[in-house]
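One structure is given below, encoded as structure tokens.
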Amino acid sequence: MSGVEWIIPILLTVITAATPLVFAGIGELVTEKSGVLNLGVEGMLLVGAVAAFVTATVTGNYFLAVAAGALAGAFLAFLFGVLTLSLMANQVATGLALTLFGVGVSALIGQDFVGIPVDALPKLAVPGLSDIPVLGPVLFGQDALVYLSLFMAALVSWFLYRTKGGLILRAVGDSHNAAHSIGYSVIGIRYLAVMFGGAMSGVGGAYLSLAYTPMWAENMTAGRGWIALALIVFATWKPGLVVVGAYMFGGITILQLHAQAAGLDVPSQILSMLPYLATVVVLVLISKDESRIRKHAPACIGKIFHPAA
Amino acid sequence: MLLKIEKRPEPSRKMVYVTPVLALLLTVVTSMALFEFLGVNPVEALRNFFIVPINNKYGATELLVKATPLILCAIGLSVGFRANVWNIGAEGQLTFGAIVGGGVFVYFHDVDSVFLLPIMIAMGALGGAIWGGIPAFLKTRFNANEILTSLMLVYVALLLLSFLVHGPWRDPDGFNFPESRVFSDSATMPVLLEGTRLHFGTILALLAVFGTWIMLAKTLVGFQVKVIGAAPKAGAYAGFSQKKIIWFSLLFGGALAGIAGVSEVAGPVGQLLPSISPGYGFTAIIVAFLGRLHPAGIIFAGLLMALTYLGGETAQINLGLPVAVTGVFQGMVLFYLLACDVLVNYRFRFNKIGKVTS
């Protein structure tokens, strides 16, 4: 058994690095499936992270902390909805505004909390099962949010493709005029999808500040929100592939950390570029087949809906 | 329904000018509430934010110093935004421009020549254009989304700069601090006004504004940018190449951001450091929109956003307000602007209940 045990800490850290991306990616997937492109994921992750961290430090209650993260993310997403859905602002510009705003607001809220340590989110231990060598700690010894992220991915996949609600959501994203004329409330459904995306990003942010690195630092998301957006293109808007992609990126992030720790003779800054460069490479590989993107992307994505009647 | 949003037959020209002012007013009112919440007298805070920083000659020149990189970046971005090319990586293009332009000094630090600075500026522009050209290449050749690629390259450029000043470009006499040599006089932007930091970069920014104005108003490529942005199908029908405009926007925006980078490290910063910009490249996005993507508007918007940097510092020193207020303020301006812009293309109609509108 000793031959594979070195891999346990690596697998464990891959999971923690991937989890925020799963949350943010799955949430944004639902938003995009409804035909809305919210580029503010980075901002929503940040406010989620700071809201959760502040709540955890003040109350010590992790359940409340995660809920606060979700609420903060959903609130920011609601603002995005007011601008793009009710006031018909450009989605790209508003998403950028959301990120810039989120960076500022989170820095303001978190300024008195920089450098304060907090206990990491407790790991669950399924009695008996988590003692199994290798598989035990990896599969059965994670914190609750890891399981929640995978559960949410499965739930979203089931909702989108196996329920009537999912069908309506996709219809709104693929043809808002048709959905409107059948009588569905395009704007209402999109508000829900956008806020769900925000809440999920908020939980992803909470995971960053409570579990991945249990602390708060300005801009601590370091571009993960944007990587989550790239993941969705990579996954051609399929929930299962979003999870696969998130774990791949988690792997790349952890690989470079371990390479640094192992004293590989490459400067740390160059290794740190890897996740960003990998994102670019993956985007290029997926996007070059234009017809595949067009086939899978929601047809109304980014388009403004204004009922003529 | 009592309140109805109705599309205007054509965009309101009046509202184009009214909404930025309206957005500012709303931002000021909201920030006053925020100041109150933070336990600071709102009027006193506003005075420290907007008046104290520039009520003397030095402060006024500092405003121009801060506005310079913002205007340079925003002018470049505005051309792309007009053509629906979403370059949001100006911060990376600024950084790479500073690396390439500043790198000239690192390798020729003992050269004392009048040509050194012009070469650095040119190389800075080239560096920025290269960093902007990568998303252009990936977009035109592989259809990769330029928003995501240009943003990813920001992180790559920042890490590259950090690597260089920690490693090969570190000042050999610098006690191991992560910084390059301090730029010599012949590698430094000439100061325009004795006793201030106002430098030649401001003139470059004004030239860029003026040049872009002429380019948009008088040249074919400027016309193509506007047509492709406003009506892509009409542009295609007229035979304008979408790809050419993507290349042009990103190279042009990158080059101007690169010049901004050089003008910072060869100006107020004076050497290469791990961090050379407080996010000018991102704030420039706000400047471009607040300035209505128009060169003249961008000057005003650039000055205003520069003032929020100065005001944030002043309010921190005098009132103990957290410096992060600047970021909140900047984000809020853009938020309100986008919200108010509904008035450009739509109008609100109040209907009496029960009365049917035709």
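From B:M152, atom CE reaches atom CE of A:M273 across 14.0 Å, with rounding to the nearest 0.5 Å. Annotation: the span from A:Q269 atom CD to B:L161 atom CG amounts to 9.5 Å, rounded to 0.5 Å. Of the inter-residue distances, the one linking B:E146 atom CD with A:L283 atom CG reads 11.0 Å to the nearest 0.5 angstrom. Expressed to the nearest 0.5 Å, how far CG of B:N143 lies from CD1 of A:I293 amounts to 7.0 Å. The structure places CZ of B:F329 at 12.0 Å from CZ of A:F101, a figure rounded to the nearest 0.5 Å.
Interface remark: A:V105 contributes backbone and side-chain atoms alike to the contact with chain B (heavy atom separation under 4.5 Å). At a 4.5 Å heavy-atom cutoff, the contact between A:T94 and chain B is made by backbone and side-chain atoms alike. Looking at A:S268, neither its backbone nor its side chain comes within 4.5 Å of chain B, counting heavy atoms on both sides. Residue contact with chain B, scored on non-hydrogen atoms closer than 4.5 Å, involves the side chain of A:L39 exclusively. At a 4.5 Å heavy-atom cutoff, the contact between A:Q111 and chain B is made by side-chain atoms alone. For A:L98, the parts lying near chain B are the backbone and the side chain together; criterion is any non-hydrogen pair under 4.5 Å. When heavy atoms are compared at a cutoff of 4.5 Å, A:I270 approaches chain B solely by way of its side chain, counted from C-beta outward. Only the side chain of A:N90 comes within contact range of chain B, judged by heavy atoms closer than 4.5 Å. For A:L83, the part lying near chain B is the side chain, with the backbone staying farther off; criterion is any non-hydrogen pair under 4.5 Å.
For the set B:A339, B:G327, B:G279, the count of heavy-atom pairs under 4.5 angstrom toward chain A peaks at B:A339. Counting heavy-atom pairs closer than 4.5 Å to chain A, the top residue among B:L34, B:N345, B:L38, B:I88 is B:I88. Contacts with chain A were tallied for B:L158, B:L338, B:V323; B:L338 has the most, counting heavy-atom pairs under 4.5 Å. Ranked by heavy-atom pairs under 4.5 Å with chain B, the first of A:S86, A:A89, A:G43, A:A97 is A:A97. In terms of heavy-atom pairs under 4.5 angstrom with chain A, the leader among B:T326, B:N145, B:T149, B:V156 is B:V156. Interface remark: of the candidates A:S287, A:G110, A:S106, A:S287 forms the most heavy-atom pairs closer than 4.5 Å to chain B.
For the pair B:Y155 (side chain) and A:G223 (backbone), a donor-acceptor distance under 3.5 Å is present.
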